Protein chains: 2
Amino acid sequence: MKDMVRSVEKKGTKEQIRDVAIDLFSKKGYDAVSIREIARTVGINEASIYNHYKGKEDIMDSIIESLIAEFNPGPEEAPVEVLLEKYGPEVYMNIAGKAVTERMKEPHIGVICRLICIELYHNEKIRDFFKMTFMEPSHRIWELTFRKMMDLGYIKEYDERLLSTEFFDYCIFLFFDCFVIRYDEVPYEELIDNMINSMSKHIKFILDAVRIEEDSP
Amino acid sequence: MKDMVRSVEKKGTKEQIRDVAIDLFSKKGYDAVSIREIARTVGINEASIYNHYKGKEDIMDSIIESLIAEFNPGPEEAPVEVLLEKYGPEVYMNIAGKAVTERMKEPHIGVICRLICIELYHNEKIRDFFKMTFMEPSHRIWELTFRKMMDLGYIKEYDERLLSTEFFDYCIFLFFDCFVIRYDEVPYEELIDNMINSMSKHIKFILDAVRIEEDSP
DNA sequence: GTCTATAAGTGGATAGAC
DNA sequence: GTCTATCCACTTATAGAC
């Protein structure tokens, strides 16, 4: 009970260390941040870090764990067909896209996305997370969604894997474009708004490409 | 003349240092490589590095300079319309795509591409190079090309900037996918072959989307 | 140009007092 | 749990002999 109270009224030291580490890692990269800098930013002695974590790598591992928990899709089964029939393909895809991008507007999620992007190349655990927990399931969901669109007669017959690739992989480009290429160009919120905008155009392009022309037969 | 002979029969120490640095940086990232490691790999004393470069950052700057020279498009004006009329849009785009990807098969170019990808986020000069010398001109070229395709009646009327974005930005995804996400998954040559394959499918998808149906009017 | 030697600093990590 | 003090490996970089 004492623990519960403390965790509400004041973040525990362990969580503070983790959050500061996320922030610093996302700004300068894992290699460029020292245990000393983390401790100084939290406001504790560097030796105290070792009461909570085995070392620097252990902090990163803990971040990755919290990251998996954060991005794990809830047990909610999305009623794809119901929403598809209610809104039609274009509105549906925009809603689905915004469900993800709007979350990125939370600064807390933003720094995590940045961290994923910049550590992707030299942290195998993050790479595995990105591939297995993010890209793979997303592709599966979009394959099912495009399959459904075909079954409902909204779009022409195609290989659903091709459509999923064409649609979603471009979204991954937007993700990199935002968090790697343009990250420091403009204020963060503007960056995400640009991303949402680009995604809308992309959705329109894809659907125009595969829509069944209703005036031809 | 003595210099010329030496540069042919044996690479100078300065060039050796730069090449070893490219290799190590591309494997472990700039931060994780020390002057000592570079010197050891070249086979000279670490102090000798300072006879050729002011320091570690100077080596990186020299790499970026050679990189700009390497990727700078030659003065050759590509006769877009001639080739377009000769081969048609699909073959033309595949040839243009392969002109780039085949170069990446040279290991020398491969490590440079890897280096660009992994230092993009925390080296401003590389980021500027990527944006100004690579992405920007490529978009311009593809805008002109798609404009030409419309003028020649190959594809429907669209905004050429939209087409360039849809086509080329997806290629940038393939670039990141190759050099960041999957880099260590399979042998390098296989990686590039996958990339060429994916690009072919993408070209076909884009052209199917915008092609003028010749049987309708 | 290359080496030895060394400076001057930063890194992660631990022992032990409070 | 937090602190002081300390260890030691490793970093960039320079001075000066050959």
Side-chain angles (χ1 to χ4, degrees), chain A residues 1-64 115 118-119 122-125, chain B residues 1-64 118-119 122-123 125:
Chain A
M1 184 182 171
K2 206 178 75 181
D3 282 301
M4 283 176 64
V5 169
R6 195 181 53 191
S7 74
V8 170
E9 60 186 23
K10 190 184 160 190
K11 241 191 305 183
T13 307
K14 181 158 184 168
E15 286 74 33
Q16 270 190 68
I17 295 168
R18 194 201 52 206
D19 290 348
V20 162
I22 291 176
D23 202 54
L24 291 172
F25 289 161
S26 80
K27 281 192 182 109
K28 312 164 75 175
Y30 177 82
D31 280 353
V33 176
S34 67
I35 291 277
R36 286 203 168 99
E37 191 176 2
I38 296 171
R40 203 188 325 126
T41 310
V42 173
I44 57 172
N45 190 283
E46 56 185 287
S48 298
I49 301 266
Y50 295 91
N51 281 317
H52 302 280
Y53 297 95
K54 279 188 287 180
K56 192 180 168 183
E57 211 187 318
D58 192 34
I59 300 176
M60 192 55 158
D61 288 347
S62 147
I63 290 174
I64 294 170
L115 180 59
I118 70 180
E119 291 305 320
H122 94 330
N123 186 308
E124 208 183 328
K125 288 164 197 158
Chain B
M1 182 178 170
K2 204 180 77 183
D3 281 301
M4 283 176 64
V5 170
R6 197 181 53 191
S7 75
V8 170
E9 61 185 22
K10 190 184 159 190
K11 240 190 308 183
T13 308
K14 182 158 182 166
E15 287 71 33
Q16 270 190 68
I17 294 169
R18 193 202 54 206
D19 290 349
V20 162
I22 291 176
D23 201 53
L24 290 173
F25 289 161
S26 79
K27 280 193 182 109
K28 311 165 77 176
Y30 178 81
D31 281 353
V33 177
S34 66
I35 292 276
R36 280 201 175 105
E37 193 175 1
I38 295 171
R40 204 187 323 126
T41 309
V42 173
I44 57 171
N45 190 283
E46 56 184 286
S48 299
I49 300 268
Y50 294 91
N51 281 316
H52 302 280
Y53 297 96
K54 280 188 287 183
K56 191 180 169 185
E57 210 186 319
D58 192 36
I59 299 176
M60 191 55 158
D61 288 347
S62 146
I63 289 173
I64 294 171
I118 70 179
E119 291 305 321
H122 93 330
N123 186 308
K125 289 163 197 157

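Model, not experiment: these values are computed from the prediction. In what follows, every chain begins at residue 1, and chains take the letters A, B, ... in the order their sequences are listed. Hydrogens, waters and symmetry mates are skipped; everything else that's a heavy atom, side chains included, is used.
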B:A47 side-chain proximity, nearest of C:dT4, C:dG1, C:dT14:
C:dT4
In whole Å, what is the span from the [atom1] atom of [X] to the [atom2] atom of [N]?
X: A:I59; N: C:dG11; atom1: CD1; atom2: P; result: 14 Å
X: A:Y50; N: C:dT14; atom1: OH; atom2: P; result: 7 Å
X: B:K28; N: D:dC10; atom1: NZ; atom2: C1'; result: 13 Å
X: B:E57; N: D:dA13; atom1: CD; atom2: P; result: 9 Å
X: B:D58; N: D:dT12; atom1: CG; atom2: P; result: 14 Å
X: B:K56; N: D:dT14; atom1: NZ; atom2: C1'; result: 18 Å
X: A:M60; N: C:dG12; atom1: CE; atom2: P; result: 14 Å
X: A:Y30; N: C:dG11; atom1: OH; atom2: P; result: 13 Å

State which residues pass salt bridge (charged side-chain N to carboxylate O under 4.0 Å, His left out) with [X]; sequence neighbours excluded, sorted by chain then number.
X: B:K54; result: none
X: B:R40; result: none
X: B:K28; result: B:E37
X: B:D61; result: B:K125

For DNA chain C, what residues of residues 31-39 of chain A have any heavy atom nearer than 4.0 Å?
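Residues of residues 31-39 of chain A that come under 4.0 Å of DNA chain C are, in numerical order, A:V33, A:S34, A:I35, A:R36.
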Non-hydrogen atoms of B:I38 and B:V20 that approach each other most closely:
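Closest approach of B:I38 to B:V20: O-CG1, 3.9 Å.
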Contacts of B:N45 and A:E46 projected onto DNA chain D by closest heavy atom; the upstream (5') one is A:E46
Would a 4.5 Å heavy-atom cut-off, applied to side chains only, mark B:I35 and B:I59 as touching?
yes
Residues two or more places apart in sequence or in another chain: which of them pass side-chain contact (heavy atoms from CB on, under 4.5 Å) with B:I118?
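So B:I118 forms a side-chain contact (heavy atoms from CB on, under 4.5 Å) with A:Y121, B:R114.
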Just N and O in the side chain of A:S48: are any of them under 4.0 Å from OP1 or OP2 of D:dC3?
yes
